[in-house]
Number of protein chains: 2
Amino acid sequence: MATTVLVVEDEAAIRDMIAMALERAGYRARHADSAEDARAAMRLAHPDLLLLDWMLPGESGLDMARSIKDDAQMSQIPIIMLTARGEEDDRVRGLDAGADDYITKPFSPREMMARVKAVLRRTAPTLTEAPVEVEGLRVDPISHRVFANGDGVDLGPTEFRLLHFLMTHPERVFTRAQLLDNVWGANVYVEERTVDVHVRRLRRELTATGHDGLVQTVRGAGYRFSARD
Amino acid sequence: MATTVLVVEDEAAIRDMIAMALERAGYRARHADSAEDARAAMRLAHPDLLLLDWMLPGESGLDMARSIKDDAQMSQIPIIMLTARGEEDDRVRGLDAGADDYITKPFSPREMMARVKAVLRRTAPTLTEAPVEVEGLRVDPISHRVFANGDGVDLGPTEFRLLHFLMTHPERVFTRAQLLDNVWGANVYVEERTVDVHVRRLRRELTATGHDGLVQTVRGAGYRFSARD
DNA sequence: AACGCGCGTGACAAATTCATGACAGTTGCC
DNA sequence: GGCAACTGTCATGAATTTGTCACGCGCGTT
């Protein structure tokens with residue numbers, strides 16, 4: 001999936017210039033012209049980066065940056081602030097609000113792209129994954145921990161990846177071969193029945209914490225993660 | 001201690017002009033006329049800022065800037081690039097390489113001083129990081145000291161950086177490769193197992209002061225700093 | 001009711017992954 | 001120059017994890 005950049009800027013000319021440069025570089029660009037619009041767009045497009053204008057009608061870009069960095073769900077998304085001011089005082093305030101970089105207008109598409117790439121490179125590993133939670137069972141890829149209603153669950157590396165994969169693709173049946181590809185990795189030779197064993201090990205841990213029936217067997221097809229029976 | 005600026009420039013006239021202006025303004029100036037010299041000077045004088053000429057005999061200033069920004073120990077030191085060229089292309093490359101500002105020759109001592117002061121002011125908060133404290137274990141980046149419930153803990157440079165990095169990113173697992181990038185610096189080739197050894201050395205010191213279990217091993221994933229088990 | 005599969009289980013031995021202690025090369029400091 | 005502090009590597013042994021089997025149970029079909 002292409003990297004998506006959300007451009008929050010009310011001046012159409014600048015916004016289009018940026019969007020064009022981004023798309024020419026192979027990124028997917030989305031835009032919003034106010035903080036309110038931006039929040040809606042973030043929920044829809046799940047951008048990997050925000051280009052946020054300092055001056056916006058209504059809620060300022062600075063406030064928005066601050067609120068995003070305070071939100072556990074979105075705090076991982078890097079932000080580059082755009083501003084017409086050149087005072088470094090502002091720069092400090094911007095960085096202080098959680099911005100990852102800062103571009104002073106006027107700027108060239110080229111400079112902008114250089115910074116976009118730099119920020120993405122710097123934060124790439126970070127935005128990979130958010131915690132998943134279903135019925136009190138929470139898997140957090142960042143801390144690499146699993147909690148069942150608050151209590152820690154001890155899983156081996158493979159069980160962890162298996163559970164995480166299934167939870168991020170709920171209600172969907174995967175054949176053993178598909179699971180091997182996605183959890184073990186492509187071109188890895190292991191018996192398909194090995195999946196059964198790991199499912200069993202995973203279930204054993206989950207059952208011990210009262211979470212039964214989440215990893216379901218679909219006879220003749222494979223396994224599925226689902227909250228309902 | 002006076003703020004030290006290292007001037008890396010092979011043309012004596014320019015170098016002296018800069019050094020004189022800096023000293024008149026109360027800074028301590030050191031100089032080098034090649035990247036090799038500069039590295040030696042950095043180890044000796046621990047400059048707070050680098051004025052780096054783009055064109056140097058041997059390794060270019062651009063390459064040097066990049067390698068410094070990749071080095072965990074020196075990446076905090078701000079860099080101002082000096083160049084005879086005015087192409088924006090160069091400007092982008094310079095900023096991309098990690099430079100904090102950019103001065104085009106010819107320039108006046110006055111302009112240079114303004115930029116030097118601006119960069120130092122701007123990066124001050126970065127270098128002056130706040131102390132981090134968790135469960136009585138305090139790491140103070142400013143004094144470069146660690147205290148466990150008031151008692152000083154003696155750590156080597158690498159252990160200090162490792163602990164500080166982990167403490168500023170709690171509850172998050174880092175692979176050995178990520179730790180090497182962030183604590184040792186990118187482009188530094190060391191065996192991944194070396195991380196284990198430093199973790200052990202760090203743990204040994206922490207355990208001696210009663211702080212066990214803070215640096216945790218996540219089998220198959222890496223290490224994590226966390227207050228809870 | 002018998003049978004054929006598909007799947008759950010417990011047991012294992014091999015393969016990984018880590019913690020540790022020892023060592024030698026460097027560096028900075030007396 | 002010599003000493004002390006640091007670093008990066010290795011070898012070793014212990015602790016987990018992993019991939020396979022073999023065995024049986026149960027479901028659906030005949």
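Letters A, B, ... are given to chains in the order of the sequence lines, protein chains preceding strands, and every chain is numbered from 1.
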Parallel, tilted or perpendicular: which describes the rings of A:Phe160 and A:His144, with under 30° parallel and over 60° perpendicular? parallel
Judged by nearest nucleotide, the residue sitting upstream toward the 5' end of DNA chain D, B:Glu159 or A:Val188, is B:Glu159
To the nearest angstrom, how far is A:Asp212 atom CG from C:dG8 atom C1'? 15 Å
Name the one of A:Val190, A:Val183, A:Leu179, A:Thr158 that satisfies side chain to side chain contact (heavy atoms under 4.5 Å, CB included) with A:Val195? A:Leu179
Under 6.0 Å between the ring centres of A:Phe225 and A:His169? no
Could you check whether atom CZ of B:Arg176 has more than 12 heavy atoms from other residues, nucleotides or ligands sitting under 6.0 Å from it? yes
Relative orientation of the end axes in the helix from C:dA1-D:dT30 to C:dC30-D:dG1, expressed as an angle to the nearest 10° (five pairs per end): 30°
Would you mind reading off the distance between A:Glu192 atom CD and C:dG8 atom P, rounded to a whole angstrom? 14 Å
For the backbone of B:Pro131 and the side chain of B:Asp140, can you confirm whether one donor and one acceptor N or O come within less than 3.5 Å of each other? no
Please figure out whether A:Gly156 or B:Gly156 has its closest DNA chain D nucleotide nearer the 5' end. B:Gly156
Please check this pair: side chain of B:Arg138 against backbone of B:Ala148, looking for a donor-acceptor N/O pair closer than 3.5 Å. no
Answer yes or no: is there a donor N or O on one side and an acceptor on the other, between the side chain of A:Asp48 and the main chain of A:Thr4, under 3.5 Å? yes
Could you check B:Ser60 against B:Arg66 for side chain to side chain donor-acceptor pair (under 3.5 Å), going step by step and ending with a plain yes or no? CA-CA 10 Å; B:Ser60 83; B:Arg66 198 172 283 120; over 6 Å; no
With sequence neighbours excluded, residues passing side chain to side chain donor-acceptor pair (under 3.5 Å) with A:Glu135: none
Going 5' to 3' along DNA chain D, between which two nucleotides do contacts with chain A fall, using a heavy-atom cut-off of 4.0 Å? D:dT17 to D:dC27
Sugar-phosphate means primed atoms, P, OP1 and OP2; the rest is base. With that split, encode nucleotides 16-21 of chain C 5' to 3' as B, S or - using protein heavy atoms under 4.0 Å. -BSSBS
5'-most by nearest nucleotide on DNA chain C - B:Arg201 or A:Arg201: A:Arg201
Can you sort out the partners of B:Ala38 under side-chain contact (heavy atoms from CB on, under 4.5 Å), two or more places apart, ordered by chain and number? B:Leu6, B:Val8, B:Ala32, B:Met64
Pairs flagged by salt bridge (Lys or Arg N to Asp or Glu O under 4.0 Å) wherever residues 158-168 of chain B is involved - sequence neighbours left out: none
